[in-house]
Asks: 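This is the structure I want to talk about, given as structure tokens.
Both ligands and their constituent atoms are indexed starting at 1 by order of listing. This chain uses plain numbering: 1 for the first residue, then up along the sequence. Everything quoted here is computed from the prediction, not taken from an experiment.
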Amino acid sequence: MNHVIVNCRVSKGIINKNIYGQFSEHLGRCVYEGLYVKDDDNIPNVNGIRKDVVDALKKIEVPVLRWPGGCFADTYHWKDGIGPKESRKTIVNTSWGGVTEDNSFGTHEFMELAEQLGCDAYFSGNVGSGTVQEMADWIEYCNMGGISPMADLRRKNGREKPWNVKFWGIGNEAWGCGGNMSADYYADEAKKYATYMRNYDKDFSICRIASGANNADYHWTKTVCEKAGRMIDAITLHHYTVTSDWDHKGKATDFSKSEYYSLLHNTFKMEELVSNHSSIIKQYETSDHKIGLIVDEWGTWFDVEDGTNPAFLFQQNTIRDAILAGINLNIFNNHCDTVVMTNIAQMINVLQAMILTDGDKMVLTPTYFVYYLYKKHMDAMHLESYVDSDRLNHDEEEVPRITVSASEKDGKLLITMVNLSADEDAETTVYLSGFNPSDAKASCVTGNISDHNTFTTPDKVGITNLDVVVDKYNKELKVRLPKSSVCAVEVY
Ligand code: AHR
């Protein structure tokens, strides 16, 4: 028997809805084909944005979307992507396969997408090959309500009102594809950029986001916070999970049980990274200036699907990906005192996607369903939760049997639990301390670890209802978590 304890009297605060954010890059078929089909009449769209994709994404209530990269961001000059489409300049996407980028999807098209999704925009600015002036102009273009050169240009291009874009990244992976800078050099650059990243409305402040560490590069976080901390609102962290190492990423759908446990073992690195980077950041905060941690790239990274362009990073998505998403989202919820946003990479057709498309066809991935099950955590009050269970051992790897996070909103609890075992269901008793349950309902994403949806079998993986027994007297729930499952229990 496994025991989960939810303590409704202890909380780390509100789970920022932006923890459920997404990332969309000009990479492979993410933006073009996945999200944007121009005027392709064969694929229903609204102003070029795919209708089927937007309808599906609205159901998971995406709170914020990062764009245009990734590595692409530090080669992107935003003025190439505004004005009449026929006169927009083409460039070469040197980051991702050397394909021609015609700039038909630019600032206005992205904001149209954000408006259709009802989400906030997070723009990654170009520090690597751009200029401070370019970044300052982009913010003025998006956020200036009165008369100004950039606001007038925006109006000329058909948008009267400012969009008020809140989130602005000062480069991406400045230690790598964003300019190969040292931490010290980047910190000075970040200060310079932040100086000219202005607010244009007394009631609306932008969030200045410094490009942060690769994995466990704590020196990076320390240096940037020490030198530039007072001028930034958040700093990022990038951490992808691979099966063994970057030269042996393995297949997305064809893997052994050992590889399954190895990947899950590796993804717990996120717990350590978030804890350690958060402790460093906290040292540079003051009572009136907080610095948030934004994990703006995370997820699985496997070999691309056979026969696809290696530069397009197209991979399938199985129950294993769902388990990994559930584990990481539980980690982020439980660190909601410092983690203010995360952006899984990426929204569609790239890496650990929510949706895969093929022409006019679309499938929802197991990861999509995890976001569906977890969505009520957004802006809910976090609750402390603990697991009392044994650990799983497979070959050399040891992982917890169950992970959990919990929250409360409008008098209802949401408890999300992941059963990592590939073979065994987990009989679980959930003890509610400080809450009188009257009813509960539960559902999950489950299956064999390599189950996935394809264009011919799009409904193999979905959401299944689970039985849950409520013991009102003892304030307990009894639920059997299926093997390899991500489960959500709502308690009323
Ligand atoms: O998400 C794919 C790439 O991974 C991004 O462009 C880059 O920032 C990271 O290295």
Side-chain angles (χ1 to χ4, degrees), residues 21-32 34-35 64-76 91-99 101 105 110 122-130 167-181 186 190 209-217 220 224 234-242 245-247 249 252 266-267 269-270 273 293-305 308-317 321 324-325 328 341-356 365 367:
Q22 306 265 335
F23 172 33
S24 57
E25 182 167 10
H26 287 236
L27 192 179
R29 297 185 302 111
C30 180
V31 168
Y32 298 108
L35 294 165
V64 62
L65 183 56
R66 179 175 184 241
W67 174 82
C71 295
F72 179 77
D74 282 288
T75 63
Y76 183 65
I91 58 165
V92 180
N93 187 336
T94 47
S95 304
W96 303 112
V99 297
E101 161 66 60
F105 189 88
F110 180 80
Y122 168 9
F123 283 2
S124 255
N126 181 346
V127 172
S129 69
F167 299 104
W168 292 89
I170 309 171
N172 167 75
E173 297 193 349
W175 40 263
C177 65
N180 281 303
M181 302 175 206
Y186 172 73
I209 302 167
S211 173
N214 184 25
N215 302 310
D217 185 351
W220 185 280
V224 174
I235 185 165
T236 67
L237 163 67
H238 286 186
H239 176 62
Y240 287 96
T241 307
V242 291
D245 59 59
W246 283 92
D247 296 326
K249 294 195 285 297
N266 293 347
T267 211
K269 183 82 181 168
M270 186 65 91
L273 295 174
L293 179 63
I294 295 184
V295 188
D296 63 1
E297 288 188 31
W298 67 274
T300 55
W301 195 317
F302 301 117
D303 291 338
V304 298
E305 292 301 306
T308 66
N309 186 331
F312 284 10
L313 309 185
F314 177 73
Q315 66 189 40
Q316 251 292 0
N317 192 296
D321 293 77
L324 185 137
N328 280 280
M341 186 194 295
T342 88
N343 310 80
I344 190 169
Q346 299 193 6
M347 184 179 245
I348 183 159
N349 290 332
V350 170
L351 299 175
Q352 190 173 353
M354 306 299 113
I355 295 177
L356 306 176
T365 66
T367 301

Asks: Run the ring-centre check on F123 versus F110 and record whether the distance is less than 6.0 Å.
Replies: yes
Asks: Which residue pairs satisfy the salt bridge (charged side-chain N to carboxylate O under 4.0 Å, His left out) criterion with at least one member in residues 23-32, sequence neighbours excluded?
Replies: R29-E33
Asks: Short question: side chain of Q315, backbone of F302 - any donor-acceptor pair under 3.5 Å?
Replies: yes
Asks: Which pairs count as side-chain hydrogen bond (donor to acceptor under 3.5 Å, both in side chains) when at least one residue sits in residues 67-76, sequence neighbours excluded?
Replies: H26-W67
Asks: Are the side chain of N317 and the backbone N or O of Q352 linked by a donor-acceptor pair below 3.5 Å?
Replies: no
Asks: Enumerate the protein residues lying less than 4.0 Å from ligand 1, judged by heavy-atom distances, in chain and residue-number order.
Replies: F23, E25, L27, G70, C71, W96, N172, E173, Y240, E297, W301, Q346, L351
Asks: Can you sort out the partners of E297 under side chain to side chain donor-acceptor pair (under 3.5 Å), two or more places apart, ordered by chain and number?
Replies: R66, Y240
